[in-house]
**Student:** 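Take a look at this one; I'll ask things after.
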2 protein chains.
Amino acid sequence: MKTDTVFKKAFNRTLDLMVRGDIKDALPSENEVRRRLGVSRTTIRKVLAELVHRGVITTDRRRVGDRQINPVDYFPDIETLPRNLHVEQQFMEWMLRGDTKPGTLINELDLARQFGVATNGIREFLIRFSRFGLLEKRPNSGWIFEGFTEDFALELFEIRVMFELRSARLFAKQPDQSPLWPKLEALKRAHLDLLEEIEHRFHDFSSLDNRFHRLINEASPNRFINDFYDIITFIFHYHYQWNKRDEKQRNHAALIEHLAYIDALLSHDPVGVELAANAHLSSAKETLMRSLVRMGRTDGCA
Amino acid sequence: MKTDTVFKKAFNRTLDLMVRGDIKDALPSENEVRRRLGVSRTTIRKVLAELVHRGVITTDRRRVGDRQINPVDYFPDIETLPRNLHVEQQFMEWMLRGDTKPGTLINELDLARQFGVATNGIREFLIRFSRFGLLEKRPNSGWIFEGFTEDFALELFEIRVMFELRSARLFAKQPDQSPLWPKLEALKRAHLDLLEEIEHRFHDFSSLDNRFHRLINEASPNRFINDFYDIITFIFHYHYQWNKRDEKQRNHAALIEHLAYIDALLSHDPVGVELAANAHLSSAKETLMRSLVRMGRTDGCA
DNA sequence: ATATTGATTTTTATCGATAAGAGGAAGAGA
DNA sequence: TCTCTTCCTCTTATCGATAAAAATCAATAT
């Protein structure tokens, strides 16, 4: 039996639309709502039915009633997360926080019980996750966890540098009329904005980081490079979610490096691009390696 | 209910051992057989029980009887293939032979019925397969097949060249005492042997090809490069399984290129290595691209 | 006609059940 | 004491069932 997370999320989002005034008086057609929320009409109808049932809208012509919408009407956030995300989060927590050692073998059944899902869900997650190079399957037996080790990080960065330099070079070579230049300019402004407010908005850096590196790849797209960047994004997302040490400084420094990198790109100077990219990447690597060493020492020897 | 392919394969292999005379008179201990076949003792016991049941060995002390072993005693090969391999093969056939167009959407239920397995098996295969960059999942809906197109091949080769040049360079730089040099020598000899008998042994090239490129990576291992080579191996394996055109010439040419490449490596000459590697890779690319174009034309316009 | 809603069919996500296979504990034999 | 075997438990591979969500088809209204 599927979870009804899609419905609950759609319901909450519909309430949002009404609260924000994007929907007032009569509701738009089912198809219109469907388009806005990006779910099927079946789900929309369920949402509408529930709204009627709760007296938020009237049955005839579905007018928005004068009933106030309050926080209790919303489904709790957890119930709007699909199962596989749930599994992912719990697994990453198990792996990164639990200080899971290289060579640990993973027991599907055990994890399934721990996470409260069927073994199937665990297995599907593990298959998906295995492309990150941290797991290996022994047929008819379990999985072996290779460990989020220094070696892993070094190998990851070796590829990352190759790919990034390749893409940056190609980006710099684009014709002047390319639509990517204005995009890069916009991104530069976003960086400057963030820099101004770095004191309290430093969390926003990671999404900017992502946008930047993906933009670099857009100049000459290659699906394998893009896929590889998924790995980086994923690993960093979870790793730094639980390693907040020096987050502000880290992000501040990276922001400055990005700006130098962007300027080098904007100046079309290949040597400068290479230098700036290298500088940024090696500092990112440094940061990760340092935090890995620290992680390993959480048992008290530092 | 699991399939008993492990048992059947182990059974066949045990018969092989007896036929080949590796096992005569009394059988070795369960643990010994286990070690040789690489399966669990549970499975071995099942095999032994079956052998007794069929009168191939005697119950007491498990002596090999004088009953002749004949082909009928073997389980058919198909029953020794695990389910997921089955799915894989059928899917690849569906995709490559069926001339499946880019943008085709994949229906798990439909494939499950077609291949005679539960939807779960299909889904697990698709998740595993999606790392090859040919599929994309739409949550709560199906999968979309991106197509085994020219773009795909071009992107694949761009990465392949980057990785191979990197690895070849590092390989050439190894110290003289590295154990990889003798391995390379051995591989060279294998190439020469095959070259002599190319007329009727040209099928053996692909495994040699694999060994060669994996050896190159061994000098400075990187799991992501290795994983990427899995993609290449997989794609080529199936693609050329159904595109046998010019197979002999193709392999013959590649063999010659390999030899030049190997000699360049053995001479530690970085420029020569780069040239030879490039030459080989671009010819491999040529071959693939040509066969892709032909595939597209199987509808008769050529 | 065309867009909107209503009813119906298909497909996906998810669970639970079960035979096959892995592996451990302890007795039996050398 | 050590290996081999028997017995037993736990895990994986695989199926089938079912609610949720998507997709399609039919009816109605504008």
Side-chain angles (χ1 to χ4, degrees), chain A residues 1-10 26-35 37-49 59 61-62 82-87 105-113 115-127 137-143, chain B residues 1-10 26-34 37-49 61-62 82-87 105-113 115-127 137-143:
Chain A
M1 317 84 180
K2 240 169 156 173
T3 53
D4 56 356
T5 53
V6 174
F7 157 69
K8 284 173 175 165
K9 181 167 228 161
L27 279 154
S29 80
E30 293 175 358
N31 259 316
E32 177 54 27
V33 185
R34 188 198 78 81
R35 213 166 296 126
L37 300 192
V39 295
S40 78
R41 209 158 57 77
T42 306
T43 302
I44 295 299
R45 306 191 86 228
K46 208 170 153 188
V47 168
L48 295 180
T59 318
R61 326 199 100 247
R62 290 188 172 140
R83 265 281 183 289
N84 55 354
L85 257 189
H86 240 247
V87 170
L105 13 76
I106 293 171
N107 185 314
E108 293 178 2
L109 194 55
D110 189 42
L111 286 186
R113 280 189 288 245
F115 300 172
V117 296
T119 51
N120 246 314
I122 300 289
R123 174 191 287 248
E124 281 175 17
F125 170 78
L126 292 174
I127 296 173
K137 172 113 189 78
R138 303 283 163 88
N140 289 308
S141 171
W143 299 74
Chain B
M1 319 82 182
K2 239 169 157 172
T3 53
D4 54 357
T5 54
V6 175
F7 156 68
K8 284 175 175 165
K9 182 168 228 160
L27 279 155
S29 79
E30 291 178 357
N31 258 315
E32 178 53 28
V33 186
R34 188 198 77 80
L37 300 192
V39 296
S40 77
R41 242 179 50 254
T42 306
T43 302
I44 295 298
R45 309 193 82 231
K46 209 170 152 188
V47 168
L48 295 180
R61 328 200 99 248
R62 289 186 174 142
R83 265 282 181 291
N84 55 354
L85 257 189
H86 239 248
V87 171
L105 12 74
I106 293 169
N107 184 313
E108 292 178 3
L109 194 56
D110 189 41
L111 286 186
R113 280 190 288 243
F115 299 172
V117 296
T119 51
N120 246 315
I122 300 289
R123 175 191 285 249
E124 282 175 17
F125 170 78
L126 292 174
I127 296 174
K137 172 115 188 79
R138 302 285 164 85
N140 289 307
S141 171
W143 299 73

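Chain letters run A, B, ... following the sequence lines, proteins first, then strands; residues in each count from 1. Because the structure is predicted, anything quoted here is derived from the model rather than measured.
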**Student:** Let me confirm one number: the CZ-CD1 distance from B:Phe7 to B:Ile44, rounded to the nearest 0.5 Å.
**Tutor:**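 That separation rounds to 10.5 Å.
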
**Student:** Out of curiosity, A:Leu111 CG to A:Ile106 CD1, how far, rounded to the nearest 0.5 Å?
**Tutor:**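 Answer for the CG-CD1 pair, A:Leu111 versus A:Ile106, is 6.5 Å.
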
**Student:** Do any side-chain nitrogens or oxygens of B:Asn107 fall under 4.0 Å of OP1 or OP2 in C:dT12?
**Tutor:**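 The answer is yes; a side-chain N or O of B:Asn107 sits under 4.0 Å from OP1 or OP2.
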
**Student:** Any side-chain N or O of B:Arg83 less than 4.0 Å from the OP1 or OP2 oxygen of D:dC15?
**Tutor:**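 Checking D:dC15 against B:Arg83, a side-chain N or O does come within under 4.0 Å of OP1 or OP2.
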
**Student:** What integer distance in Å separates B:Lys46:NZ from C:dA19:C1'?
**Tutor:**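 Distance, rounded to whole Å: 8 Å.
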
**Student:** Quickly work out the A:Leu109 CG to D:dT9 C1' distance and round it to whole Å.
**Tutor:**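 Answer to the nearest Å: 12 Å.
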
**Student:** To the side chain of A:Phe7, which of D:dA19, D:dA13, D:dA21 is closest?
**Tutor:**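 So the nucleotide nearest the side chain must be D:dA21.
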
**Student:** Hey, does B:Arg123 reach any base, or is it just sugar-phosphate, or nothing, if we go heavy atoms under 4.0 Å?
**Tutor:**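 B:Arg123: base contact, heavy atoms under 4.0 Å.
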
**Student:** Can a donor-acceptor pair under 3.5 Å be found between the side-chain atoms of A:Lys2 and the base atoms of C:dT12?
**Tutor:**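 Per atom types, the contact qualifies.
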
**Student:** Reckon A:Thr5 touches a base, only the sugar-phosphate, or nothing at all at heavy-atom distances under 4.0 Å?
**Tutor:**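 Sugar-phosphate, backbone atoms only, no base.
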
**Student:** Among A:Thr43, A:Val47, A:Thr42, A:Leu37, find the one that has a side-chain contact (heavy atoms from CB on, under 4.5 Å) with A:Val6.
**Tutor:**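 Exactly one candidate clears the test, A:Thr43.
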
**Student:** Between B:Pro28 and A:Val39, name the one whose nearest nucleotide on DNA chain D is closer to the 5' end.
**Tutor:**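 In this pair, the answer is B:Pro28.
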
**Student:** Quickly work out the B:Phe125 CZ to D:dA13 P distance and round it to whole Å.
**Tutor:**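 Rounded to whole Å, this separation is 16 Å.
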
**Student:** Across the strands shown, which category fits B:Glu30 at heavy-atom distances under 4.0 angstrom: base, sugar-phosphate, nothing?
**Tutor:**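 Contact class for B:Glu30: base.
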
**Student:** How many Å lie between CG on B:Asp4 and C1' on C:dA22, as a whole number?
**Tutor:**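 Interatomic distance, CG of B:Asp4 to C1' of C:dA22: 16 Å.
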
**Student:** Would you say the base of C:dG21 and the side-chain of B:Arg41 have a donor-acceptor pair closer than 3.5 Å?
**Tutor:**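 Answer no: no donor N or O sits under 3.5 Å from an acceptor.
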
**Student:** Which nucleotide sits closest to the side chain of A:Asn31: C:dT5, C:dA13, C:dG23?
**Tutor:**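 Closest nucleotide to the A:Asn31 side chain: C:dT5.
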
**Student:** Please report the distance, rounded to the nearest Å, between CZ in A:Arg34 and C1' in C:dA3.
**Tutor:**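 Taking CZ of A:Arg34 and C1' of C:dA3, I get 14 Å after rounding.
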
**Student:** Nearest 0.5 angstrom please: B:Glu30 CD to B:Arg41 CZ, how far?
**Tutor:**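 Output value for this atom pair is 6.0 Å.
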
**Student:** Would you sort out whether B:Asn84 and B:Glu124 count as a side chain to side chain contact (heavy atoms under 4.5 Å, CB included), showing the intermediate values?
**Tutor:** CA-CA 9 Å; B:Asn84 55 354; B:Glu124 282 175 17; over 6 Å; no

**Student:** Would you classify B:Arg113 as touching base, sugar-phosphate or nothing, given that sugar-phosphate means primed atoms plus P, OP1 and OP2, and contacts are heavy atoms under 4.0 Å?
**Tutor:**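 Sugar-phosphate, no base atom in range.
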
**Student:** I need the A:Leu27 CG to A:Glu32 CD distance, nearest 0.5 Å.
**Tutor:**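 Atom-to-atom, A:Leu27:CG and A:Glu32:CD are 11.0 Å apart.
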
**Student:** Touch check for B:Ser29, heavy atoms < 4.0 angstrom, all strands: base, sugar-phosphate only, or nothing?
**Tutor:**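 Sugar-phosphate, backbone atoms only, no base.
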
**Student:** Between the base of C:dG23 and the side chain of B:Ser40, is there any donor-acceptor pair under 3.5 Å?
**Tutor:**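 Answer no: no donor N or O sits under 3.5 Å from an acceptor.
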
**Student:** Starting at atom CD of A:Glu124, determine the distance to atom P of C:dC15, rounded to an integer number of angstrom.
**Tutor:**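 A:Glu124 atom CD is separated from C:dC15 atom P by 10 Å.
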
**Student:** In whole angstroms, how far is the C1' atom of C:dG21 from the CZ atom of A:Arg138?
**Tutor:**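 One finds 16 Å between C1' of C:dG21 and CZ of A:Arg138, rounded.
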
**Student:** Less than 3.5 Å between a donor and an acceptor, one on the side chain of A:Thr3 and one on the base of D:dA19, is that the case here?
**Tutor:**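 Side chain to base: no pair present.
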
**Student:** Hey, which sits more toward the 5' end of DNA chain D by its nearest nucleotide, B:Asn84 or B:Glu32?
**Tutor:**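 The 5'-side residue here is B:Glu32.
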
**Student:** Checking all strands, does B:Asn120 fall into the base, sugar-phosphate, or nothing category for heavy-atom contacts under 4.0 angstrom?
**Tutor:**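 B:Asn120: base contact, heavy atoms under 4.0 Å.
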
**Student:** Mind checking A:Lys137 for me? I need base, sugar-phosphate or nothing, with any heavy atom below 4.0 Å counting as a touch.
**Tutor:**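 Here A:Lys137 touches the backbone only, sparing every base.
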
**Student:** Tell me: CG of A:Asn140 to P of C:dG23, nearest whole Å?
**Tutor:**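 Checked: the CG to P distance equals 9 Å.
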
**Student:** Within less than 4.0 Å of OP1 or OP2 of C:dG6, is there a side-chain N or O belonging to A:Arg45?
**Tutor:**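 Indeed, a polar side-chain atom of A:Arg45 lies that close.
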
**Student:** Given that B:Lys8 and B:Ile106 both sit by DNA chain C, which one's nearest nucleotide is further toward the 5' end?
**Tutor:**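 The residue whose closest nucleotide sits nearer the 5' end is B:Ile106.
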
**Student:** If you take atom types as modelled and just measure distance, does the side chain of A:Ser141 reach the base of C:dA22 with a donor-acceptor pair under 3.5 Å?
**Tutor:**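 By the distance-only test, no, there is no pair.
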
**Student:** Roughly how far apart are B:Lys46 NZ and B:Lys8 NZ, rounded to 0.5 Å?
**Tutor:**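 Going from the NZ atom of B:Lys46 to the NZ atom of B:Lys8 covers 8.5 Å.
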
**Student:** Verify the contact: side-chain N or O of A:Thr43 to OP1 or OP2 of D:dA22, cut-off strictly under 4.0 Å; return yes or no.
**Tutor:**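 Yes, A:Thr43 has a side-chain N/O under 4.0 Å of OP1/OP2 on D:dA22.
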
